[in-house]
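Heavy atoms only: backbone and side chains are in, while hydrogens, waters and symmetry mates are out. Below, chain A is the first sequence line, B the second, and so on; all start at residue 1.
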Amino acid sequence: MPELPEVERTRLSLVGPVVGRTVVGVRFGPHDVVTGSRKPAALLKGQKVAAIERRGKEMAVLGSDGAAAGTAVAVHLGMTGSLRYHKPGVKLPKGDRHLHVVWELDCGGCMVFRDPRRFGGLWTFPDAAELRRQRWEHLAPDALVITPAELHRKLAATRRGLKVALLDQRVVAGLGNIYVDELLYLCGLHPETAGDVVAAATVQTMVKRMRKLLQRSIAAGGSSFRDYVDGSGQKGSFQHLHQVYGRAGEPCCRCRGELAWLLLGGRMTVFCPVCQPGG
DNA sequence: ACGATACCCTGATGGC
DNA sequence: TGCCATCAGGGTATCG
């Protein structure tokens, strides 16, 4: 469930306590969630954390080895993943089978990757350039960065419905089920509207509203449903501002009509048939 | 190129 | 109280 706003909150909350720290040890849980080298050095042992970046729903923890470039770890939170910093002295629960990787830092604190459902994972690369090339090359521009012209070009190239197209990370990176439904509602667009019939001017409005939506959610700490928390354990509150997601059968905020739902691309899709006509 | 479907996995939920 | 069935969903893979 972590989408762009939740991943960005996680990143922001980790930058302070983790960037600049040196990784003095790496411990692994019982499940292997690492693709690529599992050597401690590949997971930044002995290196300083130089930066934590984000593209779409994906984070990258970049190491630096003195003057030399360090290794790089891509982190995807999947559905239930979290990346958290724990202060020195905080005891991790014993026997937690969902703790997958613990990075011990020179401050005495640690960073922990936990993911019960294991839809997320870690990918190690020799350096940041390799990570970007191998892992991020196929991703579209980030939803906060993409220009209307770029999005229009991608949508014009597909006949798929907007719901399915916007969930595709090769079209725009960072949107998931929640924010796509919210965005289409804000734009008054039916989720089955074919991508290639959307006018450039409409896409321009869409990009504006998308940025506003995502930035508002980031400001509210993201959306917490069951258990999403950021890197410091903080919950978000944007779920209280959702207008359609999770509200099928309830009244539309605008017209008071009943919100409908459809299964599109295997995803529960909630929309207002009156305010989002067509399809 | 697209839609449909299955898979990965576990916690939460609801019925009995 | 407990046991089962069901469901959710991001990404990937496969089939038609």
Nearest-Å distance for atom pair [atom1]/[atom2], residues [X] and [N]:
X      : N      : atom1 : atom2 : answer
A:H31  : B:dC9  : NE2   : C1'   : 10 Å
A:D115 : C:dG10 : CG    : C1'   : 11 Å
A:H76  : C:dG9  : NE2   : C1'   : 11 Å
A:D168 : C:dA13 : CG    : P     : 14 Å
A:L99  : B:dT10 : CG    : C1'   : 15 Å
A:D196 : B:dC2  : CG    : C1'   : 12 Å
A:K163 : B:dG3  : NZ    : P     : 14 Å
A:E3   : C:dA8  : CD    : C1'   : 13 Å

Nearest-nucleotide comparison on DNA chain C, the residue closer to the 5′ end among A:H138 and A:M268: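 Residue closer to the 5' terminus by nearest nucleotide: A:M268.
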First encountered from the 5' end of DNA chain B, between A:H98 and A:L263: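 Counting from the 5' end, the first nearest nucleotide belongs to A:L263.
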Would you tell me if any nitrogen or oxygen in the side chain of [X] comes within less than 4.0 Å of OP1 or OP2 on [N]?
X      : N      : answer
A:R160 : B:dG3  : no
A:Y245 : C:dG9  : yes
A:T158 : B:dC2  : yes
A:Q169 : C:dG11 : yes

A:Q276 and A:H190 side chains, donor-acceptor separation under 3.5 Å: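 The answer is no; no qualifying pair exists.
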Polar contact flag, side-chain donor to acceptor under 3.5 angstrom, A:Y228-A:E3: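 On atom types as modelled, these side chains do not qualify, holding no pair under 3.5 Å.
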Nearest-neighbour nucleotide for the A:K57 side chain, B:dT10, B:dC9, C:dG11 considered: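 When the side chain of A:K57 is considered, C:dG11 is the closest of B:dT10, B:dC9, C:dG11.
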Proximity to the side chain of A:N177 - top-ranked nucleotide from B:dT10, B:dC2, C:dG9: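 Shortest atom-to-atom distance from the side chain points to C:dG9.
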Non-hydrogen atoms of A:D142 and A:V172 that approach each other most closely: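 Nearest heavy atoms, A:D142 then A:V172: C-CG2, 4.5 Å.
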No-H, no-angle donor-acceptor pair, A:R267 side chain to C:dG11 base, under 3.5 Å: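 Side chain to base: pair found, below 3.5 Å.
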Step-by-step side-chain contact (heavy atoms from CB on, under 4.5 Å) determination, A:M206 to A:L189: CA-CA 10 Å; A:M206 211 168 158; A:L189 291 164; 4.1 Å; yes
Heavy-atom side-chain contact between A:Y245 and A:S223 under 4.5 Å: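 The answer is no; the side chains never approach within 4.5 Å.
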Stacked pair A:F119-C:dG11, distance under 5.5 Å, angle under 30°: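 No; centroid distance or tilt outside limits.
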A:E6 bridged to A:R9 by N-O distance under 4.0 Å: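 No.
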Distance (rounded to the nearest 0.5 Å) between A:L263 CG and A:M268 CE: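 Going from the CG atom of A:L263 to the CE atom of A:M268 covers 6.5 Å.
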Net bend of the helix from B:dC2-C:dG16 to B:dC16-C:dG2, end axes of five pairs each, nearest 10 degrees: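 Nearest ten degrees gives 50° for this helix.
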Please tabulate, one pair per line, all N/O donor-acceptor pairs under 3.5 Å involving side-chain atoms of residues 25-32 of chain A, not counting sequence neighbours.
unit_1	atom_1	unit_2	atom_2	d
A:R27	NH1	A:E104	OE2	2.4
A:H31	NE2	A:R118	NH2	3.3
A:D32	OD1	A:V34	N	3.0
A:D32	OD1	A:R38	NH1	2.7

